[in-house]
Amino acid sequence: MFAIKIITPVLILALAIPIWRRSLRNAHRQRLLAQPINYQWRAILVKNVPLYNRLPAELKPQLEGLINIFLAEKYFEGCGGLEITDEIRVTIAAQACILLLNHKTHYFPKLKSILVYPTAYVGGKGDLANQPRQGESWQNGPVVLAWNSVIGGAHNIADGQNVVFHEFSHRLDQEDGSADGAPILENRTCYASWAKVLNREYNVLRGEAKKHHHTILRQYGATNPAEFFAVATEAFLEKPKQMKNKHPQLYDELKNYYKLDPITWK
Ligand SMILES: [Zn+2]
């Protein structure tokens with residue numbers, strides 16, 4: 001009897017504390033989401049992220065709210081002597097958060113930190129261990145980026161090459177535990193057409209890459225299905241017209257997944 005008297009309140013507390021913490025965090029996020037960014041950060045967006053200028057008016061406040069949450073929750077670490085500044089944080093956060101627009105409660109849940117090198121770095125493991133890298137995303141670990149590639153990719157919004165879109169789309173792909181080119185889709189019925197369209201397009205790109213044909217999708221996408229999804233994401237946001245024209249079904253799958261229609265952005 002005595003044990004029950006002690007254990008019951010302990011159990012109630014053990015259950016209540018996480019719920020209470022979650023509701024505090026949600027309330028904090030809602031405040032951040034509704035808050036515009038300050039004018040210094042907006043000036044960074046205008047200067048470094050031309051895609052921000054093209055976003056439809058109703059998406060800009062949403063992006064700013066997502067940037068607030070991203071910067072409040074993710075830790076940035078400078079590597080190779082790089083000192084982290086607001087310019088670096090805001091430029092990376094803005095592009096990463098474009099992938100989250102219109103997804104009401106998604107904030108890269110397993111990502112805690114972003115490591116930033118000044119330029120391409122050598123490291124990592126596997127086949128490419130000794131090759132210079134512009135970025136990578138470690139499953140359940142950090143995203144790593146080279147700052148000069150981030151800036152180059154952000155400034156040129158028509159070349160289908162953007163290291164932040166690339167690495168953060170890998171992040172989305174990794175969230176279900178496997179980097180296989182299929183992120184978590186809205187519901188189960190979406191997977192069949194996703195697999196059909198993306199597999200077909202991946203195989204087409206592999207064929208084109210073998211023949212060294214020029215394609216609107218970077219040939220690096222022919223490496224494996226995970227790289228295909230990342231490369232397709234870059235083209236979807238930076239070459240939407242060409243993608244819609246040449247790969248209409250791929251465009252539609254990505255449009256449904258990202259809940260964005262970049263072809264309409266001015
Ligand atoms: Zn990749």
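Counting starts at 1 for both ligands and their atoms, following the listed order.
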Looking only at N, O or S atoms in [X], which is nearest to the Zn ion (ligand 1)?
| X | value |
| --- | --- |
| H170 | NE2 |
| H166 | NE2 |
| E227 | OE1 |

Legend entry - Check: E227/H170 side-chain N/O donor and acceptor closer than 3.5 Å: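 A pair is found: one side chain offers a donor N or O, the other an acceptor, under 3.5 Å apart.
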
Legend entry - E136 backbone or side-chain N/O/S under 2.8 Å from the Zn ion (ligand 1):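 No N, O or S atom of E136 is closer than 2.8 Å to the Zn ion (ligand 1), so no.
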
Legend entry - Check: Y107 ring centre within less than 6.0 Å of F70 ring centre: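 Ring-ring flag for Y107/F70: false, centres at least 6.0 Å apart.
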
Inset, instruction - Check whether any side-chain N or O of H103 sits under 3.5 Å from a backbone N or O of Y257 as a donor-acceptor pair, and report yes or no. - result: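 Yes: the side chain of H103 pairs with the backbone of Y257.
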
Legend entry - Cation-pi, Y52 ring and K60 (6.0 angstrom, 45 degrees):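 Geometry flag: set, cation within 6.0 Å and 45°.
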
